Amino acid sequence: MPTGPSSVGGSVFISAAELSMTAATPPRLRFAPSPTGYLHVGGARTALFNWLWARKTGGKFLLRIEDTDKARSTDESTQAIFHGLEWLGLDWDEDVIFQGANVARHKADAERLVANGTAYLDFTTVAELERLRADADARKEPFRFDRRLATWTPDEISQKLAVGEPFTIRFRVPDGTTAWDDIVHGRIAFENKEIEDFIILRSDGTPIYNLAVVSDDIAMGITIVMRGDDHISNTPKQILLYQALGATLPQFAHVPMIHGTDGKKLSKRRDAAAVGDWEYKGILPTAMANFLALLGWSPGDDLEVMMPDELLAHFTLDRLHKKAAIFDTQKLEWMNGQHLSKRPLAEVLPRVTDALVRHGVATQAQLDADPSRTAHLVDQLRVRARTIEEVVKQARPYLIDDVEYDADAVSRSLLKDRIASADILSATRDALVNAPAWTAEALEPALRTLAESRGLAAGKIFTPLRVAVTGLSVSPGIFDVLTLIGRDRSLERLARTIDMLATTA
RNA sequence: GGCGCGUUCGUCUAGCGGCUAGGACGGGACCCUUUCAAGGUCCAGAGACGGGUUCGAUUCCCGUACGCGCUACCA
């Protein structure tokens, strides 16, 4: 049991210094992924919550790479995790800790536990364990390691050690109940008899997860362990280890999982579970963070679209959810549309230009040649797009000479009455050619006058014109379009469309 | 199987004993309009089930069901 504040004569004494210490000591939190794959959105969200709380309270946010599983850990995964966190804007304090570097301490801690009697040597082999497990299975009984199997006399032990017989170190789970007040769930309790004497050190001298975590969290001075609720059943084991090692317990906060649309764990195949997937799809990091935050936490009112500083301002631990949430791609995209138009242009501009170059829509040199035009184009396009990919798609006619005509737009706006369309486009072209200048201010009256003289609604002129010069039924305001595309290119596309309408059967 | 956690519209959620159960995404209709977005108005849509406690339960307690997690010399 954890030792509480000292109690003398029935009253509890906590010094004023101690009190102010607990209140004022900034928390130390950590994100501890294992580098066995991409950065999962669930992990990213756990990292985000840890980061938010550290930044909000003036505490520290540390990063620990749990690479003790040598078979599955890769350097690429480690890099992917770094990159994903950086992309989301989650910067960490102090040096990254690689768990593999601490195996000596892990081993020493295990040996300390043997020395103080809370752990013991177990010479049972893997094969023997498998046999025992199979037997229990056959009898339909739950298998739990029986401590008596590891009872050897001191003589036997020294003899086994002398011949180099391999052994693991097992933790001796005491009788009783292990409970804690979880920050998100409240009190959670486990009967110790439900927990078997678990291995903490393998026969090759390397640590098992629960030992490594506890040893490192103690060494790193972690005060709040915030992680996925799939770790709830590890927690009593870890608490027992803290106590056996004589360390102060941290607080625990178990945040809910994120599920796929089928209500099950997110799967790579169906759900784009890697944050890198969303980066590639043109989601903005602030939108991703906003969306992820809302999947396990809510500010308590109807606020949804939040910029990073607002997230920080509103975030509190007591509003963390208990319930797993389903990852809804459509809402993410809506959220991204909000951020796309609300974030400063300077922030989204480089992400869009990168995408334009990556998709071969423009070269960096071409975009840099006229920075104000590029900025204006992106600014116009971003308000009506949900993802950067959509911006890229709509940017083509402004950056590429060859217009791809959208078949649907053409048939709806031009081919219904080709004679009339050709006629109106010709008149439009004339009006544009004769306009005093190629500016919105000069072009607009010219086209409005034309519409009036023809007795047409302005839209009857604007729509075919839009399709003729962009090939799309979607675009910014037509005068922005014309100036963005330029006089020569606009007139040439008009001429070509008129030509097409006149000649094709 | 055992243990643990969870359960409000299709989805994300608000609610902290008395609500016409609110908002958002998505869906539908309309308005605005130069197309598309954005924005605005409106519509459909929910407290798993059964017991308690209470004058009164979505809200508190207990069962059941369902879902998820853990149950390795994985993390």
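As the structure is a computational prediction, the values presented were derived from the model and not from experiment. Note: hydrogens, waters and symmetry copies are ignored here, and every other heavy atom, side chains too, is used. Sequence lines set the chain letters: A, B, ... in the order given, protein chains first and strands last, and positions in each chain run from 1.
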TODO: May I ask you to say whether A/Arg448 pairs ionically with A/Glu444, meaning some side-chain N is under 4.0 Å from a carboxylate O?
DONE: yes
With sugar-phosphate meaning primed atoms plus P, OP1 and OP2, does [X] contact a base, only sugar-phosphate, or nothing at under 4.0 Å between heavy atoms?
X: A/Asp204; value: nothing
X: A/Gly228; value: nothing
X: A/Ser298; value: sugar-phosphate
X: A/Lys140; value: nothing
X: A/Pro166; value: nothing
X: A/His321; value: sugar-phosphate

Pick the [atom1] atom in [N] and in [M], then give their distance to the nearest Å.
N: B/rA48; M: B/rG26; atom1: C1'; value: 24 Å
N: B/rG51; M: B/rC43; atom1: C1'; value: 38 Å
N: B/rC60; M: B/rU7; atom1: P; value: 10 Å

- [ ] Find out whether A/Phe145 and A/Asp122 are in side-chain contact, i.e. whether some heavy atom of one side chain is under 4.5 Å from a heavy atom of the other.
- [x] yes
- [ ] Identify the heavy atoms of A/Pro397 and A/Val469 that sit nearest to each other, and give their distance.
- [x] CB-O, 4.4 Å
- [ ] Give the nucleotide from the list B/rA14, B/rG2, B/rA75 with an atom nearest to the side chain of A/Arg319.
- [x] B/rA14
- [ ] Verify the contact: side-chain N or O of A/Thr68 to OP1 or OP2 of B/rA75, cut-off strictly under 4.0 Å; return yes or no.
- [x] yes
Task: Distance in angstrom units between A/Arg133 CZ and B/rA72 P, rounded - done: 6 Å
- [ ] Using atom CG of A/Asp301 as one end and atom P of B/rC16 as the other, report the distance to the nearest whole Å.
- [x] 13 Å
- [ ] May I ask you to check whether A/Phe291 and A/Phe327 place their ring centres under 6.0 Å from each other?
- [x] yes
- [ ] Taking atom types as modelled, find out whether A/His231 and A/Asn234 have a side-chain donor-acceptor pair closer than 3.5 angstrom.
- [x] yes
- [ ] Find which nucleotide of RNA chain B each of A/Gln338 and A/His259 is nearest to by heavy atoms, and output the residue with the more 5' nucleotide.
- [x] A/Gln338
Task: 5'-most by nearest nucleotide on RNA chain B - A/Glu444 or A/Gly296 - done: A/Gly296
